[in-house]
2 protein chains.
Amino acid sequence: MDRRVTKKGDDDASGKERPTLKTLAFMTGLGVTTVSRALKDAPEIGAETRRRVQLVAKQIGYRPNRAGVRLRTGKTNVISLVLNTEHELMSFVSDIIYGVTEVIADTPYHLIVTPYSRSQDPLDPVRYLVETGSADGVIISRTQPNDPRARYMLEHGIPFATHGRTDMGLVHPYHDFDNYAFAGEAVRYLAGRGRNRLALVTPPVGLTYYRHTVNGFADALSEVGASEVPFNTVSIDQSIEQIRMRTAQLMRRKDRPDGFVSSAAAATLAVVAGIEDAGLKLGRDVDVVSKQSSELLHLFRRELLVVNENFRLAGSELARAVLGWIGGADPGTLQSLSTPSEVLPYRG
Amino acid sequence: MDRRVTKKGDDDASGKERPTLKTLAFMTGLGVTTVSRALKDAPEIGAETRRRVQLVAKQIGYRPNRAGVRLRTGKTNVISLVLNTEHELMSFVSDIIYGVTEVIADTPYHLIVTPYSRSQDPLDPVRYLVETGSADGVIISRTQPNDPRARYMLEHGIPFATHGRTDMGLVHPYHDFDNYAFAGEAVRYLAGRGRNRLALVTPPVGLTYYRHTVNGFADALSEVGASEVPFNTVSIDQSIEQIRMRTAQLMRRKDRPDGFVSSAAAATLAVVAGIEDAGLKLGRDVDVVSKQSSELLHLFRRELLVVNENFRLAGSELARAVLGWIGGADPGTLQSLSTPSEVLPYRG
DNA sequence: TTGGCAATCTGTAACGTTTCAGTATACTGA
DNA sequence: TCAGTATACTGAAACGTTACAGATTGCCAA
């Protein structure tokens, strides 16, 4: 009497297969519907039944089938992190990812990484996610003042959070580092050390925090009465070699700066190399204040002055924001700004 | 005559909703089954019908519903990258991810990142993936000679690839960097520069490539007749401060090494700091050969000697391997070993 | 007693896909 | 002519879940 093929109805509680609602229904003697509702604490299920179902479910290790839920409800339980595979600074990415996973660890959410490359329209991956309904929420970075992706997602009603702010008069969750404050602090610190001809290594032109940084730099310059040495040919997403060469060129001029403010650690390495290529000495001829996201720069040159940016925190905040929005919170309340640390000199 | 609620059967080709097989069936005048088969080039569908269906599908931008497929077939079209959120070296992670996404970009696969933390059994995330059927394939790192995760996945028949080899007599896809060769090359290079008292900054004890590295180091030492200065208290997953302090201690001893071989760039930064803490000079008193995964170390100190390890390549290879296995290839053919570059001194 | 109602529980359909078991048609060979 | 068969297509069922629309029971007021 071979019954390898189980027909509808003769579900049994035995052995190997992953338990489903039907399994639970069979075991508890209840209907599938009742079990489903009992598991989500629906009010019309008797208190005892509810407990009983939940107990059995826990015992046999029931886990809802994601495909079933997704097909029925459209809920994917997925958050997508959209990344540029060429530009994104290295350590940045892993920290953000870790931050995000930290937050979603005890939720049913999975994190998927959706890449796009330089050649593509940055809107492509977002459009893909929305059109295919592949995620309940999206996190984007490299945010621009007028960001088509944010606009698109708002129009299509998908919750998202941006790393960096926009400036479109539209409200949405974001997390940002206060780069205005950073640049200002940096300038003031350099001025305090007697530096008054400062150059700025900017973020990528076009991103929102480019403006913030430039403004913070400019405002503080006039505040302290220092002057800017233009260095517009350089931004942090250029290659190490480019930045190094341009810095060396700059430092060989008579009107060279005596201080730098740099928006990223990798660029700072190149800037320092360029300074030294020009035969100058860090700390004596020139001071450099740089953002960093790991305790790297002080190993590199102890004369460097650093401000820490915590990307892991950013990841957590972004994840919290998206989940909050998905959960129905007011997007306007899901915005956060991270204040820079003090400027830190090397301490033994 | 209000027909807001569409009952089964009166599907229409209009407007907003995402097209499904039913939409295509309606538009082509065929049955859903036929459409389904036509799209996957089943042989029992007439050539013209096939073309016609595929044309229409392309035109209206049909994309199979992942939840539908997954529910019906169990195929998730997901690859999971399992990461330790505490140990993994920073840049490592983003490079691997980029490598993986590069390969799966023109496949239907999504990449999900499954984290686990120090406190957890590394087997936990893998067990979760298998039990919930959340992925068609898995990539793991921090591979051990006797790796319970690999054994578990083999037992449960889920395709996977390991970053690093195992040594259990079980065959499975992997990608590895030839750390035996790396350590050997490094030793020979140092010997060539007259260094003969060498210390090794090892990978994390317990991982397979720890053994490879140690063996490569030891074999080359006896080959060139140099001796080892024990430095067992240090491995690359310790903190910067620890490594730095221990290195400084070591370098203050009279029997200090005159050469280092370091398995990771971050550790090398710390080692160099330690060397300099002890008042010694890189290139004069001691040489350091280090692996690196980005062009960082030569900016740091031009005296450093580097060997490049390409993690992006590793990611690609691992992705290719998993996809290959999923696609039915023989796991034994999906193994690759990456040969280290030469030892590279700074070149202007 | 009866009608009404609250409290619990249940069957059915549907989400989009693939597979199974056909059906209809035309062609083949005798 | 007919059976046999290859070709091209199709409906129904199933994957696991939730929502809708009841069904059953007991209790209370009238």
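Atom set for the values below is all heavy atoms of this structure, side chains included, hydrogens, waters and symmetry mates excluded. Proteins come first, then strands; the chains are lettered A, B, ... in the order of their sequence lines, and each starts at number 1.
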Verify side-chain hydrogen bond (donor to acceptor under 3.5 Å, both in side chains) between Asp147(A) and Thr166(A), making sure each step is shown before the conclusion. CA-CA 7 Å; Asp147(A) 201 300; Thr166(A) 58; over 6 Å; no
Taking only the side-chain heavy atoms of [X] (C-beta and beyond), determine which of [options] contains the nearest atom.
X: Thr20(A); options: dC9(C), dT10(D), dG16(D); result: dG16(D)
X: Thr73(A); options: dT17(C), dC9(D), dT18(D); result: dT18(D)
X: Arg72(A); options: dC20(C), dC9(C), dA13(C); result: dA13(C)
X: Glu44(A); options: dC9(D), dT8(C), dT17(D); result: dT8(C)
X: Val32(B); options: dT17(C), dC9(D), dT18(D); result: dT17(C)
X: Thr34(B); options: dC9(C), dT10(D), dG11(C); result: dT10(D)
X: Leu21(A); options: dT18(D), dT17(C), dT12(C); result: dT18(D)

Whole angstrom is fine here: how far is it from [atom1] in [X] over to [atom2] in [N]?
X: Asn65(A); N: dA14(D); atom1: CG; atom2: C1'; result: 13 Å
X: Lys22(A); N: dG11(C); atom1: NZ; atom2: P; result: 13 Å
X: Glu17(A); N: dA14(D); atom1: CD; atom2: P; result: 16 Å
X: Arg66(A); N: dC15(C); atom1: CZ; atom2: C1'; result: 17 Å
X: Ile45(B); N: dA6(D); atom1: CD1; atom2: P; result: 18 Å
X: Phe26(A); N: dG16(D); atom1: CZ; atom2: P; result: 16 Å
X: Leu24(A); N: dT10(C); atom1: CG; atom2: C1'; result: 16 Å
X: Arg70(B); N: dA14(D); atom1: CZ; atom2: C1'; result: 18 Å

Is there a donor on the side chain of Ser36(B) or the base of dT19(C) sitting less than 3.5 Å from an acceptor on the other? no
In this structure, is the centre-to-centre distance between the rings of Phe92(A) and His163(A) below 6.0 Å?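 Under 6.0 Å, so yes.
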Is any NZ, NE, NH1 or NH2 atom of the basic residue among Glu131(A) and Arg18(B) found under 4.0 Å from an Asp or Glu carboxylate oxygen of the other?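 Looking at Glu131(A) and Arg18(B), the cut-off is not met.
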Less than 4.0 angstrom from a charged side-chain N to a carboxylate O is my criterion; do Glu48(B) and Arg51(B) meet it?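 So Glu48(B) does not pair with Arg51(B) through a salt bridge.
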For Gly68(A) and for Arg37(B), find the nucleotide of DNA chain C with the closest heavy atom, then tell me which residue's nucleotide is more 5'.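 It is Gly68(A), whose closest nucleotide lies nearer the 5' terminus.
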Inter-residue atom distance Lys40(B).NZ - Arg50(B).CZ, 0.5 Å rounding: 13.0 Å
Between Ala67(A) and Thr49(B), name the one whose nearest nucleotide on DNA chain D is closer to the 5' end.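 Comparing both residues, the 5'-ward one is Thr49(B).
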Looking across every strand, which nucleic acid part, if any, lies under 4.0 Å from Gly133(A) by heavy atom: base, sugar-phosphate, or nothing? nothing
